[in-house]
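Scope of the values below: all heavy atoms of this structure, side chains included, with no hydrogens, waters or symmetry mates.
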Amino acid sequence: MADGITEIAMMFKERENVKSEFIVVGKVLQTAPLKVADGAEISVDEGDELIVTKTIKTLIQSGELKIDDKVLMISDNGKYAAIDKVV
């Protein structure tokens, strides 16, 4: 059994190099409704798991956002928000 100091050191060690997936660049698979692959072989659909900003909606309506374009997204606990087109 580890002593208190060793346990604390192990907890700090576990926190190191944690990969953050907060900001994600996704690839557009479909525009209406929006479907995006997040690069980890996961695709998210507009609705409960993907929130679409007004900017993205405008890009879709104007035809400026196309299949295979890249979009900047933020993620939190499996939910995403598509923010803008990456150029």
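The CD1 atom of Ile67 sits 8.0 Å away from the CG atom of Leu29 when rounded to the nearest 0.5 Å. The NZ atom of Lys79 sits 7.5 Å away from the CD1 atom of Ile51 when rounded to the nearest 0.5 Å. The distance from the CD atom of Glu64 to the CD1 atom of Ile56 is 10.5 Å, given to the nearest 0.5 Å. Considering CZ of Phe22 and CG of Asp76, their distance stands at 7.0 Å, rounded to 0.5 Å.
A heavy-atom distance below 4.5 Å is found between the side chains of Val28 and Leu34.
Contact between Met73 and Leu50 at its shortest, heavy atoms only, is SD-CD1, 4.1 Å.
Every residue meeting the side-chain contact (heavy atoms from CB on, under 4.5 Å) condition with Thr55, not counting sequence neighbours, appears here in chain and number order: Thr53, Leu59, Asp84.
The only option from Leu72, Asp69, Val71 that meets the side-chain contact (heavy atoms from CB on, under 4.5 Å) definition with Val86 turns out to be Leu72.
Counting heavy-atom neighbours within 6.0 Å of Lys27 NZ, excluding the residue itself, gives a total of 12 or less.
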